[in-house]
2 protein chains.
Amino acid sequence: MPKQVDHHERRTLLADALLRVAANRGLMDVSLRHVAAEAGVTAGMVQHYFRTKDEMMIFALDVVAARVQARLEDDPDATGDDPRRLVGALLVQLLPLDADRELEGRVAVAYHAYAATRPDVAARLRQDTEGMRAAVAGRIRAAGHAGPLDPEIAATGLLALVEGLAVHVLGGHLAPDAARATLDGHLDVAFGSVSTPPRAARSGSRA
Amino acid sequence: MPKQVDHHERRTLLADALLRVAANRGLMDVSLRHVAAEAGVTAGMVQHYFRTKDEMMIFALDVVAARVQARLEDDPDATGDDPRRLVGALLVQLLPLDADRELEGRVAVAYHAYAATRPDVAARLRQDTEGMRAAVAGRIRAAGHAGPLDPEIAATGLLALVEGLAVHVLGGHLAPDAARATLDGHLDVAFGSVSTPPRAARSGSRA
DNA sequence: TCCGATACGTTGCGACTGCAACGCAAAAGG
DNA sequence: CCTTTTGCGTTGCAGTCGCAACGTATCGGA
């Protein structure tokens, strides 16, 4: 072989450029040439590593998933045995609270729209969320007989909540702090550790 | 004047075609020519009614908003004085439970992505959700001292929840029934009318 | 009856798209 | 040394895009 280049590394580099373009200018502006320009290479090289555009798009999606996974793995909060803390650590990774996650969030929204027409993209998205839903539901059950909601419903709700909060934050409809507070509140509900009601409620029950 | 055509009606007709294209083939396929073809007219006519593409896009967004509004106005559930029922009627309109709302949902997702690059689209989206958030929060407060969550947080959460559920249903990650059940469960929580916990909990409290 | 405004349709332009094809340089193996 | 494989750049092509310009037909008012 000649130059001997790490194929996967190159692809990741290009996928990075793609994600930047997608986040900053929208998925409609993701073209071979734009990605190449963003990466500082020629369009020909992009074609060399991805034979088709769709191949590149899907690979970029995998890169995001891997990145979230990686961030989760070296999160101190995500290790331990407090289910509530574990689930919180997982879900907060999906909220665009810093620059990195904002970029990923924009990409995620764009891909959700993209998935409407690309079944294989939809499938990959689906498998990711299904995995997380199962994880969350399991943790809630592990916390034992707690919240007022069925664990499956609570898990589905939390995941959808985070998705919606992310959309609202990205759209400027919601401050990041408010999103975090809303997530915390619903985590409390899901795990049954309800903080004191805002106004005098019926009977304050606590563990 | 010649032919004397209802300008607004024509624009609505074209916007309808746009929405169909957006829902079925994605926003990236929305072009003057495609919209024209879908509407069964020439591209020139589309240009006659919308001087620019962006003008058309924003008008189409208004059409969706008006349609939701209209559907809400002749919904028997949306009239009455039970706050919980009112909010439920409002939020369920945003869930893709039938063909019409599925189309609108796809459009909404596409536009959320689109808004990332178009500030005026983002502003219009923002104003719509802000109005609904205020309405929901008001209704929750009107229900009085009920759920474990602050009314503002509960309203924000419900709106985000519905948004997320819609995305998951559209992506095929979630069955429509499950989405509805999840919404119902969280409405119960928000309004403090908690249905019986799934497994033996502490103390079954009911009104 | 002429005028002009409105309602379209047609054409064309420059820019851009994804992609195939080809070309050349470099390096490992014979 | 020479062939072959791999990395990467260039060019070209058919198609699409938004949009401006122009053409025409139709009607109401003067």
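In the text below, chain A, chain B and the rest are named by the order of the sequence lines, each starting its count at 1.
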T12(B) backbone acceptor or donor facing Y49(B) side chain under 3.5 Å = no
Pair E104(A) + R71(A): basic N to acidic O under 4.0 Å | yes
Polar side-chain atom of H34(A) near backbone of V30(A) as donor-acceptor pair, under 3.5 Å = no
note: D6(A), atom CG; dC8(D), atom P; distance rounded to Å ~ 11 Å
If only atom types and distance count, is the side chain of R10(B) paired as donor or acceptor with the main-chain N or O of M45(B) below 3.5 Å?
-> no
Assess whether atom CZ of R139(A) is packed by more than 12 heavy atoms of other residues, nucleotides or ligands within 6.0 Å.
-> no
Is the side chain of R101(B) donor-acceptor paired with the backbone N or O of V92(B) at a distance under 3.5 Å, no angle test?
-> yes
Could you identify which residues of residues 22-34 of chain B place a heavy atom less than 4.0 Å from some atom of DNA chain D, listed by residue number, or say none?
-> V30(B), S31(B), L32(B), R33(B), H34(B)
Atom-to-atom span, CG of L18(A) to P of dT17(C) - whole angstrom | 13 Å
Got a salt bridge between D184(B) and R84(B), using NZ or NE/NH1/NH2 to carboxylate O under 4.0 Å?
-> yes
Nearest-Å distance for atom pair CE/C1', residues M45(A) and dC22(C) | 19 Å
Please report, rounded to the nearest Å, how far the C1' atom of dG9(D) is from the CZ atom of R10(A).
-> 13 Å
Tell me: CG of L14(A) to C1' of dC8(D), nearest whole Å?
-> 12 Å
Please tell me which of H7(B) and G44(B) maps to the more 5' nucleotide of DNA chain C, matching each residue to the nucleotide holding its nearest heavy atom.
-> H7(B)
Counting only non-hydrogen atoms, which of residues 47-55 of chain A are less than 4.0 Å from DNA chain D?
-> H48(A), Y49(A)
Plane angle bin for H8(B) and F59(B) - parallel if under 30°, tilted between 30 and 60°, otherwise perpendicular = perpendicular
